[in-house]
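Beneath this line is the structure, given in structure tokens, with notes to follow.
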Amino acid sequence: MRTDFGFCGTRLRYVLTIICFAFVSCLFESLSAQNRNYNVKLWIYEFEDSVIYVRGAYGERTDILLDSLSLQPDGGFVLKGNFHPGIVVVSSAKEDMFSFVLDKETDFEISIFPDGFYEVKGSIENDRYLEYQKMNREYRLVLYQAELALKEDPQKKDSLNSVVQKAKNTFDTYRKSFHELYPDNMMSVLVRAVSQPEVPEHYLNPDGSVKKETALEYAYYFRTHYWDDFDFSDERILGTPYFYKKFQTYIDKITMQNADSVFVSFKSFVDLANSRGGESYSRYIMELYLTKLPRLPFSFNEILYTRIVDEMINDDYTPWLSLLEREAHQSYIEQIRPFLPGKAFPNISAQTLDGRELSLYNLKHRYIVVFFWSAGCESCKKNAEELKEFYNSSKDKYDFEVFSIEMGGDRDKTQKQTAEEGLEWIVLQANPAQIESRYGLNVEHTPEIYILDSQKRVLNKTVLSSHIKAVIEQQEKFSSR
């Protein structure tokens, strides 16, 4: 939450503005290079609304409003404009109705009938795409109806299983034939793109589960073969919701969640995409992370961002970045580098509410929580309440103290809130300009929390007090080994 003191560090604001502007500019430049001019006529029979909405996707953004279309005098709707190829969804004000593809054919018509049938003129790609959707919908309907019937009469299990198996065999045969006949159709490309790697049997038990003794080898194999069937040369997949979902799974689920491991996976993806004609994908991910990570005030993200800038902001990986943009990233990581985990935190000195000067290094505890907050900040209040519970129950157990610094500057307001909330830890007062000029620490938002060890080295940075307990307990567990 932004603080109520209205301060924003000049350097940081300038740097982030450049970074964000650069991403938006590059994104639109990238989009316009791949876009085509489309003229699509949509006929939706027995549809009473006079307005429909057409949404698309691009990378992380999966719900982009391309246009709202009004009913024309002839009873149709017209989508006309310059769009990125991919899947688009047509919806009413209440629900999604159907989807179609924007592809090589740019001038076509689609008629949708209330019984689920369709008619396409001028687009073989959409004729095949909608046929696939219809067959898939019919198969799913059989599964749904069988599930309902089984609940009503469990004794029909065998006969219903037979119906389901027949429908499955029919759809599997159709799907296989479709992919063989139309390998370049959007559906075939997407099915291959989202498919999981085939894992060698020696990693698996007879029931399909992973053997414990080969679990690490299996995880490595799965991660390194995760993109085997993804066609990086096909930029259409960027215009669907499926690319970024797959990428998220790759980074968040099958990569060990520490900054070093994530960086290795991130760089491996960029290298792989570049080697397989997927510069659009690698550039998109690079630009996205260079924009997103500086806005996420957690040590994990700052370590990752720093490594990306240190090792990948160069002519090999980011030739499109201007010298000014490169310097902006370099400037920002030099601001955050001194406060990354393992670094000695500065000896901050500030006044207590009764006017005494107190320095951080005067405290002698196993752990110290430096808690920047502002009176009147609701997020700060919530975090203080959560922290107070842990502080009261565990401060002696873990020998930790809270060194809190209120950044709003209104002493009366701070004293009142401290008394009302019953805060028993150290409460000091400073302002952002002092903290930045004296210690180089830019506290643009509150809450901002640093967890330090007994040597005043940073263990972690967060904006959530709930993380404090986890960090301290993890550190205790590590220390006891």
I need the [X] [atom1] to [Y] [atom2] distance, nearest 0.5 Å.
| X | Y | atom1 | atom2 | value |
| --- | --- | --- | --- | --- |
| C377 | F372 | SG | CZ | 14.0 Å |
| K246 | W227 | NZ | CH2 | 5.5 Å |
| R55 | S68 | CZ | OG | 9.5 Å |
| E448 | C380 | CD | SG | 10.5 Å |
| F100 | S123 | CZ | OG | 9.5 Å |
| R128 | M187 | CZ | CE | 14.5 Å |

Report yes or no: does [X] contribute a side-chain atom to a donor-acceptor pair with the main-chain N or O of [Y] at less than 3.5 Å?
| X | Y | result |
| --- | --- | --- |
| D74 | G76 | yes |
| Q257 | T255 | yes |
| S162 | D158 | no |
| T170 | K166 | yes |
| Q417 | G376 | yes |
| D67 | V54 | no |
| S261 | N258 | no |
| N169 | Q165 | yes |

Flag the pair [X] and [Y] as a salt bridge only when some basic side-chain nitrogen lies within less than 4.0 angstrom of an acidic carboxylate oxygen.
| X | Y | result |
| --- | --- | --- |
| D184 | K104 | no |
| D310 | R307 | no |
| K477 | E473 | no |
| R192 | D229 | no |
| K461 | E302 | yes |

Is there a ring pair (Phe, Tyr, Trp, His ring centres under 6.0 Å) between F247 and Y281? Walk through the geometry before answering.
CA-CA 10 Å; F247 183 82; Y281 292 91; over 10 Å; no
Looking at [X] versus [Y], is the centre-to-centre ring distance below 6.0 Å?
| X | Y | value |
| --- | --- | --- |
| Y332 | Y305 | yes |
| F178 | F171 | no |
| Y284 | Y58 | yes |
| Y139 | Y174 | no |

W425, Y391, F371 screened by ring pair (Phe, Tyr, Trp, His ring centres under 6.0 Å) with F400, the one that passes
Y391
Would you say the side chain of [Y] lies within less than 4.5 Å of the side chain of [X], judging by non-hydrogen atoms?
| X | Y | result |
| --- | --- | --- |
| T106 | N39 | no |
| I87 | L190 | yes |
| Y244 | R61 | no |

Measure across V463 and P447 and return the closest heavy-atom pair with its distance rounded to 0.1 Å.
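Smallest interatomic distance, heavy atoms only, reads CG1-O, 3.3 Å.
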List the steps and the verdict of salt bridge (Lys or Arg N to Asp or Glu O under 4.0 Å) for K382 and E378.
CA-CA 6 Å; K382 180 180 178 182; E378 286 302 316; over 6 Å; no
